[in-house]
Number of protein chains: 2
Amino acid sequence: MRGLPVAPKNKATITDVARAAGVSTATAGRVLGGYGHTSEDKKEQVLKAAQSLGYRPNALARSLITGKTRTLGVVAGDIQSPFYASVLRGISNVAEANGFGLLITNSDEAQSKEVRSVELLAQKQVDGLIVTPSDTRKARHLHNLRAMGVPLVLIDRAVAGLMVDRVATDNIAAAEHAVRHLIAAGHRRIGIVAELVDEDGGGLAAFLDRAIAGDPIETETLYPSWQRLLGYVRAHRIEGLSVDPRLTLRAGSYSAQAAQAVVPSLMTAAEAPTALFTTDGTMSEGAMRALNELQISIPGDVSIICFDDLDWMSFHRPGITTISQPRLAMGEAAARMLLERIRGEEYPPRTVLMPAELIERGSVARL
Amino acid sequence: MRGLPVAPKNKATITDVARAAGVSTATAGRVLGGYGHTSEDKKEQVLKAAQSLGYRPNALARSLITGKTRTLGVVAGDIQSPFYASVLRGISNVAEANGFGLLITNSDEAQSKEVRSVELLAQKQVDGLIVTPSDTRKARHLHNLRAMGVPLVLIDRAVAGLMVDRVATDNIAAAEHAVRHLIAAGHRRIGIVAELVDEDGGGLAAFLDRAIAGDPIETETLYPSWQRLLGYVRAHRIEGLSVDPRLTLRAGSYSAQAAQAVVPSLMTAAEAPTALFTTDGTMSEGAMRALNELQISIPGDVSIICFDDLDWMSFHRPGITTISQPRLAMGEAAARMLLERIRGEEYPPRTVLMPAELIERGSVARL
DNA sequence: CTGAAAGCGCTTACAG
DNA sequence: CTGAAAGCGCTTACAG
């Protein structure tokens, strides 16, 4: 029991309003809650009483009965990164337009944190969830959600065997496009820097072997960075170029530091690449830091194509050629699909692949 | 009534668990809710029953009784901007560490949206609110909150007469520092580009007159961009320089576009400045875009000091000298203060001014 | 330690 | 159209 220094919060309830208006709680509830029918004069009395009491509905009580909270839960990797920040804004735009609140958590791409987030959101009874799954293979918590009938939409990644709506970028095509653009400009030794965490099927070397051989690869549940690597390999195959595994750089984690750490040895090697493809915004920033420290100039010493169109890329000198994915629209699409499911609309699980666009600026030299 | 294609969500309640375990709901509630005392064997029975039924507590029901939701509400300007994205991550860090959820909304710096956000969050019964107020003069909705005893912490801005905890940057000192740094480097004509929306007391000209004359100015509830302008003027006064109002650029809104639009006329004027001070991350990006399009080189043609240390500033060529404010730490501090209030700790309203730091890189030339 | 009962603030059949 | 009553899924005194 703590004494509040300011006014006691005398929250008025529907009972208080009903008493003040001289009607039943049912009638007060009907006008305040906007359901059922009420005569004009009662309506007026109730509204006046509510007004003077400063009545504010308690969404908790309503939700407990209706089973709906009008709240969406989101599990993002890191709301601080430009990718998630934009996606979240997209989600927020449509949530807000529909009167939904947004409960947001970070997973830091760790499934243990993701599981905790989902549990928290589920206990808070969100009407649906948007998640960027940390693990594309196993995700019992997400399958459980599905089994409980909780609407779920995935962004950026799929989960093996989880049949739910999903929005992502066509990463393979986008990467293939970027790398073919470099090849067309005359580049033959092209480095790629990607996260490539969570390898499966024997790691990077084995994956490259299969990709280079053109073996069938289950691409749906591949991580985006692996998909982009696959696009890189395919571009080489199409153009009749061989892939040098020494040019495939794995950062190993999702951070600019990791990318920055891995670039120097490649760029100072005997057979350094003439061009670099960095597979997302964070990898791009790490690579740019490394190139800057090495005093390697763009595109004089090395050409570069990045992924994600970040603000600085347009005013950097030279302008950075990049693959732009519509982050905001991805968030909006995901939220819209989720709301449809919440409304009870039924379709087979949908996969929306958003178009990624090559934006040419000045970071690619013709050889 | 819609048919679910998958398993019916047979959500188990505490009643179901109690029945399965052969105890009362009170006992089941005690072990599941972690309150009161229970014998070891009953505890075991209940836990086993809960496990096999896949019981998940309904936080709504608990909150309705306890009056606590363990949820924080946040009204940010735009979660997509680097400033808010970082602040939010800071808030999220401490919320999560304390088992709190986060309900996040955008105001787009418009009070009408802010009012709606606050109302939504209040109805959802958040335990406390962190807001970046859009209007520093009038904010009835925030005063109401305070009067209702809802814990409230302000970030970045104060509200006139609203005595609540607050965390911000010492904007005047930071701007003064930046501008004196330019003056020390020999610059005499220094342009400033700032938002400067919501003028009061007669607009920009009148404000400048008062600032230049050294008239007392109520600085607490000044908008950050006005505070930074004041620091700019003070630096001139201290260094014995006069202020040329033609060098004070008002973008008029919080967007890179607005900043970009306003720079060219200044830079192409007869008496163009030799240096620019951009007063936040967004203004900085807009100014950089404009300079890039005008082919004005840094620091050869013009020197620049920005505000907020954005990722690209370190690898841009030249490196960008900037005032860095600890955005993440600001969010963390705000959340920590809010949690203290929620716990019932009582202090007089606290204002935490975070230190801003000048990071010297290569964008300032010595004249 | 345990259970029966009341109640949080609403909405929802059910009568009238 | 209106009200008395029951109930959403929990927690909290209150007895035993």
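Here is the naming used below: chain letters follow the sequence lines, and residue numbers restart at 1 for every chain.
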Could you tell me the separation between the [atom1] atom of [X] and the [atom2] atom of [N], rounded to a whole number of Å?
X	N	atom1	atom2	value
A:Arg19	D:dA4	CZ	C1'	16 Å
B:Lys124	C:dC10	NZ	P	14 Å
B:Asp16	D:dC8	CG	C1'	13 Å
B:Leu64	C:dC10	CG	C1'	8 Å
A:Leu53	C:dG9	CG	P	14 Å
B:Leu60	D:dG7	CG	C1'	15 Å

Could you pull out all residues at least two apart from B:Tyr55 that satisfy side chain to side chain donor-acceptor pair (under 3.5 Å)? none
Residue pairs fulfilling salt bridge (charged side-chain N to carboxylate O under 4.0 Å, His left out) with at least one residue in residues 118-127 of chain A, sequence neighbours excluded: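 Matches after skipping sequence neighbours: A:Glu119-B:Arg56.
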For a quick check under 3.5 Å, do A:Arg89 and A:Asn93 share a side-chain donor-acceptor pair by atom type?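 A:Asn93 and A:Arg89 do have a side-chain donor-acceptor pair below 3.5 Å.
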Looking only at side-chain N and O atoms, does B:Arg62 offer a donor or acceptor that is under 3.5 Å from a partner on B:Asn58?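 Side chains of B:Asn58 and B:Arg62: no pair found under 3.5 Å.
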Only Watson-Crick and G-U wobble pairs with both distances less than 3.5 Å should count. Give DNA chain C in dot-bracket notation, marking inter-strand partners with |. |||.||||||||.|||
For each nucleotide in nucleotides 11-16 of chain D, reading 5' to 3', give B when a protein heavy atom comes within less than 4.0 Å of its base, S when such contact involves only the sugar-phosphate, and - otherwise. BBB---
Check for a donor-acceptor pair, side chain of B:Arg70 on one end and backbone N or O of B:Asn98 on the other, with a separation under 3.5 Å.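 Side chain of B:Arg70 to backbone of B:Asn98: a pair is present.
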Does any N or O in the side chain of B:Ser52 come within less than 3.5 Å of the main-chain N or O of B:Ala49, such that one atom is a donor and the other an acceptor? yes
Heavy-atom pair of closest approach, residues B:Arg166 and B:Arg157: CD-O, 3.5 Å
Examine D:dC1: is either OP1 or OP2 under 4.0 Å from a nitrogen or oxygen in the side chain of A:Thr38? Give yes or no.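 For D:dC1, OP1/OP2 do not have a side-chain N/O of A:Thr38 under 4.0 Å.
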Does B:Thr13 put a side-chain nitrogen or oxygen below 4.0 Å from OP1 or OP2 of D:dG9?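 No, B:Thr13 has no side-chain N/O under 4.0 Å of OP1/OP2 on D:dG9.
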Any A:Thr351 side-chain heavy atom under 4.5 Å of A:Val167 side chain: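 No, too far: nothing below the 4.5 Å cut-off.
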Can you confirm whether A:Arg327 sits close enough to A:Tyr84 that some side-chain heavy atom of one is under 4.5 Å from a side-chain heavy atom of the other? no
Listed by chain and number, what are the salt bridge (charged side-chain N to carboxylate O under 4.0 Å, His left out) partners of A:Arg350, not counting sequence neighbours? A:Asp165, A:Glu340
Would you mind telling me which of B:Val74, B:Val87, B:Ile104 makes a side chain to side chain contact (heavy atoms under 4.5 Å, CB included) with B:Ile79?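 Only one option passes, and that is B:Ile104.
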For DNA chain D, whose closest nucleotide is more 5', that of A:His37 or that of B:Tyr55?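 Its nucleotide being nearer the 5' end, the pick is A:His37.
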Counting only non-hydrogen atoms, which of residues 40-51 of chain A are less than 4.0 Å from DNA chain D?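 Of all residues in residues 40-51 of chain A, the ones placing a heavy atom under 4.0 Å from DNA chain D are A:Lys42.
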